[in-house]
Amino acid sequence: MDYKKFSLFTAIFSLFFAAFLLSGCSKPGDSIVSDGMNALKKQNYDSAISSFNEALQTDTNYSDELIFTLLAAAYTQKNDFDSAILYHQKALSKRKDYSSYILLAVLLEQKNRTDEAKQTYRDAISFAPKRPEAYGSLGALELKSGNIKGAIELLEKSAALNDRIGVVQGDLAIAYAQNGEREKALNALENAEKLKTDGIEAFRARVLSALGEGPALTAVPSPSAR
């Protein structure tokens, strides 16, 4: 995933790493969780889900919230977003976690549950106010919703925390252009180009169209996979 997706794969393998730190543990359910993680890594998602559910009924050193998050990862890879959402929510009810908030919000976006996604990004911001990703993600969603001034405020906050996130610079360029701020839009677009942002041509097309310096767009190109 791009910056805001926290890459589902990156998050999953981070969980692998954290979980395997417990490899010396010896409770009965530990091997079941390991089996599930191996199945998940091999893309045997149904087998992984079966193992994780079995582990929840067994004595194990792995926390319920970790197993819930692994279940969410497996369901995400199966494109069963409703189940993935449920398990992220279960995990967060046990323990607050920034990455889980982001992943949950992304899934809510996928299901067009926009208001819930926005609130989840806000929860992530409240939990970790000095991290840039949730500001950028919420800003992008506000931009998509037509709240240009709100989007600018959030995207500027994200950029202030980390000015090297290309997609944030690209979204800022679009937001500035739609708000009639030509110089700021072109500066942000230049920043996105310097950062070699994926989908830069789509960002440029949207900026120039909004500024009236390019063809009107009959469909909005996707700058990146969100």
Considering all heavy atoms of both residues, which atom of [X] and which atom of [Y] are nearest to each other, and what is their separation?
{"X": "Ala48", "Y": "Gly36", "value": "CB-O, 3.4 Å"}
{"X": "Ile152", "Y": "Ala175", "value": "CG1-CB, 3.6 Å"}
{"X": "Ala185", "Y": "Ala177", "value": "CB-N, 3.6 Å"}
{"X": "Ala55", "Y": "Ile67", "value": "CB-CD1, 4.1 Å"}
{"X": "Ala192", "Y": "Gly170", "value": "CB-N, 3.8 Å"}

Taking only residues two or more places apart in sequence, or in another chain, which ones meet [X] in a side chain to side chain contact (heavy atoms under 4.5 Å, CB included)?
{"X": "Asn191", "result": "Gln169"}
{"X": "Ala91", "result": "Glu65, Phe68, Thr69"}
{"X": "Asp82", "result": "Asp80, Lys111, Arg113"}
{"X": "Ser50", "result": "none"}

Side chains of [X] and [Y]: closer than 4.5 Å at any heavy-atom pair?
{"X": "Val168", "Y": "Pro132", "result": "no"}
{"X": "Leu71", "Y": "Leu56", "result": "yes"}
{"X": "Ser47", "Y": "Phe52", "result": "no"}
{"X": "Leu108", "Y": "Lys118", "result": "no"}
{"X": "Thr114", "Y": "Ser145", "result": "yes"}
{"X": "Asp171", "Y": "Phe203", "result": "yes"}

Give, for atom [atom1] of [X] and atom [atom2] of [Y], the distance between the pair rounded to the nearest 0.5 Å.
{"X": "Leu154", "Y": "Ile125", "atom1": "CG", "atom2": "CD1", "result": "6.0 Å"}
{"X": "Leu189", "Y": "Leu208", "atom1": "CG", "atom2": "CG", "result": "7.0 Å"}
{"X": "Glu109", "Y": "Thr120", "atom1": "CD", "atom2": "OG1", "result": "10.0 Å"}
{"X": "Ser63", "Y": "Lys94", "atom1": "OG", "atom2": "NZ", "result": "9.5 Å"}
{"X": "Ser99", "Y": "Phe127", "atom1": "OG", "atom2": "CZ", "result": "9.5 Å"}
{"X": "Tyr87", "Y": "Asp64", "atom1": "OH", "atom2": "CG", "result": "11.0 Å"}

Taking [Y]'s backbone N and O only, do any of them form a donor-acceptor pair with [X]'s side chain (distance below 3.5 Å, no angle check)?
{"X": "Ser209", "Y": "Arg206", "answer": "no"}
{"X": "Asp59", "Y": "Gly29", "answer": "no"}
{"X": "Ser126", "Y": "Arg122", "answer": "yes"}
{"X": "Ser158", "Y": "Glu133", "answer": "no"}
{"X": "Thr197", "Y": "Ile200", "answer": "no"}
{"X": "Tyr75", "Y": "Leu70", "answer": "no"}
{"X": "Thr58", "Y": "Glu54", "answer": "yes"}

Pair [X]-[Y], side-chain donor/acceptor within less than 3.5 Å:
{"X": "Asp97", "Y": "Ser100", "value": "yes"}
{"X": "Glu183", "Y": "Tyr176", "value": "no"}
{"X": "Asp115", "Y": "Gln119", "value": "no"}

Path from Tyr98 to Leu138 over hydrophobic side-chain contacts below 4.5 Å: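 Yes.
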Shared hydrophobic cluster, Leu155 / Leu195 (ILVMFWY, side-chain heavy atoms < 4.5 Å):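 Result: no, two separate clusters.
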Summary of salt bridge (Lys or Arg N to Asp or Glu O under 4.0 Å) pairs that have at least one residue in residues 155-169, sequence neighbours excluded: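 Not a single pair qualifies under salt bridge (Lys or Arg N to Asp or Glu O under 4.0 Å).
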CA sep, side-chain torsions, deciding dist, call: Ile32, Thr60, side chain to side chain contact (heavy atoms under 4.5 Å, CB included): CA-CA 9 Å; Ile32 300 171; Thr60 174; over 6 Å; no
Check side chain to side chain donor-acceptor pair (under 3.5 Å) between [X] and all other residues, then give those that pass, not counting sequence neighbours.
{"X": "Asn179", "result": "Glu181"}
{"X": "Asn147", "result": "Glu142"}
{"X": "Lys78", "result": "Asp46"}
{"X": "Ser51", "result": "none"}

Non-neighbouring partners of Glu153 that pass salt bridge (Lys or Arg N to Asp or Glu O under 4.0 Å), sequence neighbours left out: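 Counting only residues at least two positions away or on another chain, Glu153 forms no salt bridge (Lys or Arg N to Asp or Glu O under 4.0 Å).
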By salt bridge (Lys or Arg N to Asp or Glu O under 4.0 Å) - contacts of Lys194 (at least two apart):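 Testing Lys194 for salt bridge (Lys or Arg N to Asp or Glu O under 4.0 Å), a comparison that skips the adjacent residues, returns Glu190.
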Steps toward side chain to side chain contact (heavy atoms under 4.5 Å, CB included) verdict (Ile102, Leu104): CA-CA 5 Å; Ile102 298 293; Leu104 172 58; over 6 Å; no
Residues in ring pair (Phe, Tyr, Trp, His ring centres under 6.0 Å) contact with Phe81, at least two apart in sequence or another chain: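 Phe81 satisfies ring pair (Phe, Tyr, Trp, His ring centres under 6.0 Å) with no residue once adjacent residues are dropped.
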Intermediate values then yes/no, ring-ring contact (aromatic ring centres under 6.0 Å, His included), Tyr101 and Tyr121: CA-CA 7 Å; Tyr101 278 126; Tyr121 285 130; 10.0 Å; no
Under-4.0 Å salt bridge between Glu213 and Arg182: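 Answer for the salt bridge query: yes.
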